[in-house]
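Right, one structure below, let's go through it.
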Amino acid sequence: MKRLSTDHHYPSRRSPLMADNAVATSHPLAAQAGLSMLAKGGNAVDAALAAAVVLTLVEPTGCGLGSDAFAILWDGKELHGLNASGRSPAAWTAERFAGLDDMPVAGWESVTVPGAVSSWVALSERFGKLPFAELFEPAIRYATKGFEVTPKIAELWAVGARAHRGRPGFDETFLRDGRPPQAGERFVQPDMAVTFAKIAESKGRAFYEGELAERIVAEAKKHGAALSLDDMASHRCDWCGTISRGFAGVELHEIPPNGQGIAALMALGILEHTNIRDLDVDSVEAAHLQIEAIKMGFRDSWHFVADLDFMPSVGVKDLLDDAYLARRAAEIDPAKAKDFGVGAPKLGGTVYVSAADEDGMMVSFIQSNYKGFGSGVAIPGTGIHLQNRGYGFSLDPRSQNHVAGRKRPFHTIIPGFIMGPDGPLASFGVMGGPMQAQGHMQMTLRTQLWGQDPQMAADAPRWRVVDGLSVACEETMDPAITDGLRALGHEITFESPDSSFGFGGAQIIQRLPSGGYIAGTDPRKDGAAVGF
């Protein structure tokens with residue numbers, strides 16, 4: 001790891017946390033729940049899971065009991081990857097969605113089997129130290145007694161209410177007296193406390209096979225949806241390992257497809273064939289190269305990435321082939337922005353938790369409903385609301401991601417992990433739809449190539465490729481950079497980090513060479529890093 005930079009010059013500068021045990025996530029109550037597990041003698045997995053459970057309650061705008069999840073974990077000896085995304089109902093066919101231009105973005109027809117609960121069980125059983133039920137105690141307490149809604153969550157809650165008011169179960173679950181909670185208002189979810197207890201006591205079986213599954217499926221049938229008890233009971237999460245790409249002496253690890261993490265790896269591989277190492281961190285030239293590289297990574301991933309079992313034509317090895325990435329790098333014009341097409345590899349609302357303990361275990365965990373409150377569908381009397389991951393499928397029959405039954409859709413949520421020559425360096429994530437792969441690339445370069453500490457990297461103004469030549473930049477970005485990018489042909493627009501969550505919320509824990517960790521959290525969200 002490079003020596004940490006001390007040049008702290010970005011807006012909203014926070015001091016990083018340094019500790020032997022650390023938890024970093026997007027909500028203070030979740031971070032505290034994780035830390036309480038470490039204080040009880042639990043490990044980083046226990047901490048991450050307790051935080052994740054609390055997040056389904058206190059940040060319903062980003063995740064819920066009906067979320068999907070992924071994790072990358074260093075157990076002290078080796079790296080593990082977990083894919084807990086759900087599959088589509090068996091009855092889904094292309095004909096079911098005939099006549100539509102895109103998959104439904106909300107409602108029951110966007111709901112796939114939720115996988116987050118299965119990830120909690122799998123991680124706890126294989127790596128946890130504390131009893132599974134103990135991980136739910138903070139969440140049950142907050143659901144029973146209530147919690148104060150933070151200003152940023154209140155803002156997103158109001159947005160979600162405008163979008164989903166009247167959808168099945170939504171008003172009963174998330175509105176009180178017909179309105180969403182305001183900042184500082186206490187919100188109580190007693191039904192969710194009961195649901196937490198049932199999941200805890202049954203180690204998830206009630207959610208996939210028992211009473212909770214039956215209530216979910218009964219609501220699905222009531223509204224003409226295809227989700228069945230067999231779909232729920234058949235769900236399994238997979239220990240899938242990781243895929244990786246080296247850059248600047250380190251390896252960025254991502255979960256294999258069906259996720260977009262491969263786009264970040266492709267971008268780093270493309271940048272390997274440029275002169276970015278010779279450029280300054282906040283230079284126009286460095287930003288331009290990153291933007292062009294991630295555009296190509298996205299073009300290819302959006303076209304080729306699907307459920308790994310449905311990628312027979314173009315696979316992971318093809319997309320990460322060094323010769324192919326070198327050819328893509330050669331397409332970059334250092335003096336002009338371009339709208340790249342799809343390459344030819346074969347010629348012819350999200351929440352994130354990072355936790356680390358003094359024994360060396362590090363966890364990168366992410367779970368999400370997708371767009372805000374997800375489908376907007378909730379199960380009355382349970383506190384469960386369901387994701388809308390079905391929207392990630394394509395209706396193009398030529399796509400490897402074409403909608404079908406019992407298939408995982410293209411996924412946006414990705415946990416990140418950086419390995420060095422001597423072991424793990426960082427577990428991190430950047431929330432926010434298509435911002436995530438872009439954020440992974442930016443955070444990796446800032447911390448590993450340019451030596452910025454985690455908090456500085458989280459504070460730094462970010463940009464986001466929108467489409468074609470369009471690039472959204474934070475208003476706090478240096479005008480010299482945005483003017484320079486505009487001169488190269490990038491179509492620059494500005495967004496405020498205070499009113500838009502389009503630039504994600506980063507959380508990162510990095511291992512220090514002398515022992516212990518340094519953690520950074522994002523000022524764009526209610527991020528908190530705690531430790532001892």
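Note that this is a predicted model, so its numbers are computed, not measured. Basis for what follows: all heavy atoms, side chains included, without hydrogens, waters or symmetry-related copies.
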Checklist entry - Run the ring pair (Phe, Tyr, Trp, His ring centres under 6.0 Å) check on Trp120 and Phe132 step by step: do they pass? => result CA-CA 9 Å; Trp120 303 344; Phe132 187 65; 7.7 Å; no
Next on the checklist: Using the rule side chain to side chain contact (heavy atoms under 4.5 Å, CB included), only one of Trp302, Phe304, Tyr391 pairs with Phe410; which is it?
Outcome noted: Trp302
Checklist entry - Going by an N to O cut-off under 4.0 Å, is there a salt bridge joining Lys338 and Glu331? => result no
Checklist entry - Out of His411, His80, His253, which one pairs with Phe70 under the ring pair (Phe, Tyr, Trp, His ring centres under 6.0 Å) rule? => result His411
Checklist entry - Which atom pair, heavy atoms only, marks the closest approach of Ser85 to Arg408? => result O-NE, 2.8 Å
Checklist entry - Do you know which of Phe170, Tyr370, Phe174 makes ring pair (Phe, Tyr, Trp, His ring centres under 6.0 Å) with His385? => result Phe174
Checklist entry - Quick one: do Asp321 and Arg328 make a salt bridge, cutoff under 4.0 Å? => result no
Next on the checklist: On a heavy-atom basis, which atom in Phe196 and which in Ala139 lie closest, and how many Å separate them?
Outcome noted: CE1-CB, 3.7 Å
Item to check | Charged tip of Lys407 within 45° of Phe393 ring normal and under 6.0 Å | outcome: no
Checklist entry - Short question: side chain of Arg524, backbone of Ala506 - any donor-acceptor pair under 3.5 Å? => result no
Checklist entry - Is any NZ, NE, NH1 or NH2 atom of the basic residue among Glu495 and Arg464 found under 4.0 Å from an Asp or Glu carboxylate oxygen of the other? => result yes
Checklist entry - Closest heavy-atom contact between Leu65 and Pro114? => result O-CB, 4.3 Å
Checklist entry - Thinking salt bridges, do Glu185 and Arg176 make one under a 4.0 Å N-O criterion? => result no
Checklist entry - Backbone N or O of Pro409 within a donor-acceptor pair of the Asn258 side chain at under 3.5 Å? => result yes
Item to check | Identified side chain to side chain contact (heavy atoms under 4.5 Å, CB included) partner of Gln290 from the options Lys295, Gln438, Met441 | outcome: Met441
Next on the checklist: Is there a side chain to side chain donor-acceptor pair (under 3.5 Å) between Glu59 and Ser26? Walk through the geometry before answering.
Outcome noted: CA-CA 9 Å; Glu59 199 169 335; Ser26 58; 2.8 Å; yes
Next on the checklist: In terms of relative ring orientation, are Trp239 and Phe127 parallel, tilted or perpendicular, with 30° and 60° separating the classes?
Outcome noted: perpendicular
Checklist entry - Stepwise, does the side chain to side chain donor-acceptor pair (under 3.5 Å) test hold for Thr112 with Gln387? => result CA-CA 7 Å; Thr112 53; Gln387 38 87 331; 3.0 Å; yes
Checklist entry - When you check the gap from the basic side-chain N to the acidic O, do Arg87 and Asp238 get nearer than 4.0 Å? => result yes
Checklist outcome for this item: What one should report as the nearest heavy-atom pair of Thr521 and Ala528 is CG2-C, 3.4 Å
Item to check | Test: Asp230 and Arg406 ion pair at under 4.0 Å | outcome: yes
